[in-house]
Amino acid sequence: MSFLNTLIPARDGSQTANGAPAARRPRYEITESDAGYSLTVGLPGVSKEGLEITDEGGELTITGKRTAKLPEGLTVLHRESSDAAFRLVVTHDNEVDSEKIGAELKDGVLHVTLAKAESAKARKIAVA
Amino acid sequence: MRYIQFTQPGYRGATSQRFGGRVAAIDSELDWLFGTALNGLAEGSPDSFPVDIYEDKENTYVRAEIPGVSREAVNVEYADGSLSINASRKVKTSEGEKDVALSRQVGIADQVQGDKVSAAYENGILTVTLPRKEEAKPRKINVSVN
């Protein structure tokens, strides 16, 4: 089965009534190996406390709220960043072992490892 | 195969669906086209990063979003009213790991005590604190009225 059939980023329909995005999709990258998939997500300003990862019904959802708050009484001179939360939904089929999803957050980068289920691994069949 | 790296959230309304290989491939191509076109400006090119500038009575603060760089690879320099932030990020490519240089220069209007500039890196955000020179601080002057 091709990679795209297995892990496809889901459509992000998270919009508020006025059309402004309630959450934005972070930058991310997915790589595949024999053992599983590796998902790298850029979540600047998100700490462990603001991060939520759920895997339900073939949808892996990553929500990151920005916890890096500025002290009170500051004047903004120039602003390029956004305080909007990050949200990424990745769909997968049952080729991923939900029990073996690992996640590590370091310096604003989240690494998620998704192990392939035994049934999905390529198997060499010996001919008798 | 090209994976989607820069995407614009919410510009398609459809909810989560699984697509066949062909549809998904076209979709990612479009994503790549539009994503690059839209986000190339909004979030900067891969070698740049968003920067915020704040101030209070004592300091000017510059915050830069540079997730995933090691502290040793961050270099902050202040000289003559200009703050340079240089960093490098390790990026995996098909030929192995590659260093991508990130660079940004910010002009600081206020007089800064150059020797007291400090920086901290947390959760992928670099905060540079630039203390203002005494004479540049607003001073409260009491005027006695007779």
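Each chain gets a letter, A, B and so on, in the order its sequence line appears, and its residues count up from 1.
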S.K.: Under the salt bridge (Lys or Arg N to Asp or Glu O under 4.0 Å) rule, collect the residues that match up with B/Asp99, sequence neighbours excluded.
M.R.: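 Here the qualifying residues are B/Lys90.
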S.K.: Could you pull out the closest heavy-atom pair between B/Asn123 and A/Ser47, with the gap in Å?
M.R.: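 Reported closest heavy-atom pair: ND2-CB, 3.5 Å.
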S.K.: Taking 4.5 Å as the heavy-atom cut-off, does anything in residues 66-78 of chain B contact chain A, and if so which residues?
M.R.: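 Against chain A, the residues of residues 66-78 of chain B that fall inside the cut-off (heavy atoms, under 4.5 Å) are B/Pro67, B/Gly68, B/Val69, B/Arg71.
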S.K.: Rounded to the nearest 0.5 Å, what's the gap from OH on B/Tyr54 to NE2 on A/His78? Could you check?
M.R.: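 Between atom OH of B/Tyr54 and atom NE2 of A/His78 there are 10.0 Å.
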S.K.: Please round to the nearest 0.5 Å and tell me the distance separating atom OH of B/Tyr61 and atom CG of A/Leu77.
M.R.: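 Going from the OH atom of B/Tyr61 to the CG atom of A/Leu77 covers 12.0 Å.
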S.K.: For A/Arg66 versus B/Ile125, what's the shortest heavy-atom pair and its separation?
M.R.: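 The pair with the smallest heavy-atom distance is NH2-CD1, 4.1 Å.
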S.K.: Which value, rounded to the nearest 0.5 Å, describes the distance between A/Leu74 atom CG and B/Ile53 atom CD1?
M.R.: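 If I round to the nearest 0.5 Å, the distance is 13.0 Å.
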S.K.: Is it true that a side-chain atom of B/Glu65 and a backbone atom of A/Pro44 form a donor plus acceptor pair closer than 3.5 Å?
M.R.: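 No; zero donor-acceptor contacts below 3.5 Å.
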S.K.: A quick test of your reading: do over 12 heavy atoms of other residues, nucleotides or ligands sit less than 6.0 Å from CD of A/Glu99?
M.R.: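 Open.
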S.K.: Report the residues that fulfil side-chain contact (heavy atoms from CB on, under 4.5 Å) with B/Ser103, sequence neighbours left out, ordered by chain and then residue number.
M.R.: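 side-chain contact (heavy atoms from CB on, under 4.5 Å) check on B/Ser103 returns B/Asn86.
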S.K.: Any side-chain donor-acceptor pair under 3.5 Å between B/Asp52 and A/Ser81?
M.R.: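 Judged by distance alone, the side chains do pair up.
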S.K.: Can you check salt bridge (charged side-chain N to carboxylate O under 4.0 Å, His left out) on B/Arg104 and A/Glu80, steps first, answer last?
M.R.: CA-CA 13 Å; B/Arg104 195 78 198 259; A/Glu80 290 173 6; 2.8 Å; yes
S.K.: Does anything in residues 104-113 of chain A get under 4.5 Å of chain B by heavy atoms, and if so which residues?
M.R.: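 If one takes a 4.5 Å heavy-atom cut-off, the residues of residues 104-113 of chain A near chain B are A/Asp107, A/Gly108, A/Val109.
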